[in-house]
2 protein chains.
Amino acid sequence: MNALKEFEDFIENGYKTYIPHVCIDCVIFGYHDHRLKILLSELEGLNGLCLPGGYIKRTDTMDEAASRIVEERTSIKGLYLQQYKTFGGPDRVKFNEIDLDKLTKVPVFKKLKSSWLIDQTISIGYYAITDFSLSKPQPGFMARSCDWYNIDKIPSLLFDHNQMVKNALQTLRSQLYYQPIAQNLLPEKFTLTEIHALYETILGKKLDIRNFPKKMAFLGLITKLNEKRNIGPHRAPFLYTFNKKKYKKALELGVTLS
Amino acid sequence: MNALKEFEDFIENGYKTYIPHVCIDCVIFGYHDHRLKILLSELEGLNGLCLPGGYIKRTDTMDEAASRIVEERTSIKGLYLQQYKTFGGPDRVKFNEIDLDKLTKVPVFKKLKSSWLIDQTISIGYYAITDFSLSKPQPGFMARSCDWYNIDKIPSLLFDHNQMVKNALQTLRSQLYYQPIAQNLLPEKFTLTEIHALYETILGKKLDIRNFPKKMAFLGLITKLNEKRNIGPHRAPFLYTFNKKKYKKALELGVTLS
DNA sequence: CGCTAAATGGTAAAATTTACCAAATAGAAA
DNA sequence: TTTCTATTTGGTAAATTTTACCATTTAGCG
C-alpha cells in the first residue's frame, strides 16, 4: 500500500487501529546555542500553522503514542517527553472554520466529511525537547511544511495551539531544576558556560554567571570533572557531567514546597 | 423516564450525548478538623472501590463535566476543581477482570456487552476539595456505597485509581501555597490555629506554630482582622481572612523557580 | 487571685540568595 | 618574551529567608 492509499484507509478505517475522539499534540522544543525554538507545521488542507499531532494506537500507551508522533517529525527515537495538560471542550476545534467542501475535492480527503475524524476530540498535550541542530524536520506527506520557529516569535496558530505552547513552556520552565531536561540538550561532558546559557535561554532571563554554578553545585545536579576543554584564545574551562542520581532523587521527592 | 430506564438508555445511546473513549475520574478531597479524606464508591456490578467518575457531554467543557460529576456525589455546586493528569494505555481497565457475563444478567446491564462503554477509555484526572462535614455523599443508583476514607488508609482500588490518588495528592500539596485551596475549606473568617492545622494536615507534616503565621503574612496570603473569636477558657485568637488578590497574583506568576 | 492552656510577640542563629571584586589563564598580538 | 584580551572562576560581604525557641499575654475556671 502506498502512502496515499494508506492515508485514505486511515480516514476510512483508522478508528479500528486508533482510539477516536482522543489525540495528542506535541510542543517539540528545540534548543541550540542560546536559542529556543518549537516545531510547527502547515497541514495539507488547513490554512495556518499548528503543532505536530496524531492519534493513539489502541495497543500503545500514551507515552508510546507521543513518542511515535515526535519521531515522525524529528526522526529521533526516545526524545524526552512529558505530559503537561489535556485540552477539550466543544470550542477547541471549530469545524465550521475549516472549509470541508473544498477539502473534500482533494482526492485523498474524499471520505473525510463522514469520517471518524470529524467529531469532537480532546487533545492530550505533551512536550518534547531536543537539540534542533541535530534534527531535520520531516514534513511527511501530510504536512506542506515543518520548521523551527523562535519561541518569542510564534505566530497565531490554529485551534487552541497558542494556549498549548504557553502551558507547555510554563511546565518546561517549572521542571528545569528537577527533571533531566538539560541532560537531553547537552553532550555528556559540558562546560559551565554551556549549561548556563541553556538555563538562561529556557527560563528567558539572566542568571548571575558566578552564582549559577554555586546553585547547581549546591543542588548537586552536576559534577566537576578533572578535565578541561580547549576553546581557543581563552582560559580553558573545566568540564562537568550530570549527577543522574540526584536528578532522580529530586524527581521522587516531588515539587512539594516548604 | 425513570432512573433505570434512563440508565438503560445511557448504555445504549449515551455515545450520542457523551464523548466516547474519554472519561473523567475525580479525587474528591474532604478536609475537616485535622483529617483529610477522599470519596470512594463501590459501583454496582464491580467488586471493589473506585473514584467517582463519569463522561463528558458533547456540549460541556471538561471543567463543566468534572463539576457535574462532583456535584452528583457531593450535592455541592461550584467546588474547587483542578485537572492534574490524564491516564491512558491499553492496560488501564482490564475488561477481562470484569465478569461481563454475570453483569449482563442484571436487567439494566442487558446491552452492556455490545455498548460503546466496553472499549478502551482514557481518563482525565481532576481533583476537588471540600469540607467533608458539610457534604453527605450520594451513592446515586449506580453505586452501592459512597463514603469518605482517610487519606492514610486508602485500600487497594480498582483500575489505576491508586495511582490517580497518589498523583492528585502530590498536585494538591504542590499547589497549596498559590492556589486558593484553603479558601475552599475554611469559613470567611478563621483563626491562625485553624489554617495551621489545615496546612499541616494537607502537607502531612508538622509546621512550626510560630513561624507559620510569619510565612503566611510574608507571602501576603492572609490578612489579620481587628476581631477575635471567643473560644472558651483560653485566650481569644484574632480572626483572619484570605487576601484573594494575592492568591490571584501568585497564580499568574506561575511556579517558575529562581 | 492564682492556674491552665492557648495565642503570639520577639529574637538570635542558620541557611540561602544576591551582588560584585579580583585573580587565574590560554592563546594571540606586539 | 611580554603584553593584551576575553573568559573562567575563587572568594566574600550584604541581604534575604528560614528555622528554632524563649517569654509574655490572655480568657475563663476553680
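Everything numeric in this text was worked out from a predicted model, so none of it was measured. In the text below, chain A, chain B and the rest are named by the order of the sequence lines, each starting its count at 1. Only heavy atoms go into these numbers, but all of them, side chains included; no hydrogens, no water, no symmetry mates.
Taking the centre of each ring, A/F132 and A/Y31 stay at or above the 6.0 Å mark. Here A/Y177 and A/Y199 bring their ring centres to under 6.0 angstrom of each other.
Atom pair A/L219:CG and C/dT17:C1' shows a separation of 12 Å (rounding to whole Å applied). C/dC21 atom C1' lies 13 Å from atom CG of A/N211, rounded to whole Å. Atom NZ of B/K214 is separated from atom P of D/dT17 by 14 Å (rounded to the nearest Å). Here the C1' atom of nucleotide C/dT4 and the CZ atom of B/R235 are 14 Å apart, to the nearest Å. When rounded to the nearest whole Å, the span between CD1 of A/I209 and P of D/dA6 equals 16 Å. In this structure, CG of B/N230 is placed 9 Å from P of D/dA27, rounded to the nearest angstrom.
Heavy atoms of B/T193 sit under 4.0 angstrom from primed sugar atoms or phosphate atoms, though from no base atom.
Using a 4.5 Å cut-off on side-chain heavy atoms (C-beta onward), B/L81 and B/D63 make no contact.
Nucleotides of DNA chain C nearest to B/P233 and A/A236 differ in position, and the one nearer the 5' end is that of B/P233. Each of A/F218 and A/K228 was matched to the nucleotide of DNA chain C holding its nearest heavy atom; the match closer to the 5' end belongs to A/F218.
For the pair A/K224 and D/dG10, the criterion of a side-chain N or O lying under 4.0 Å from OP1 or OP2 is met.
Ion pair A/R68/A/E64 not flagged as a salt bridge, since none of the NZ, NE, NH1 or NH2 atoms sits closer than 4.0 Å to an Asp/Glu carboxylate oxygen.
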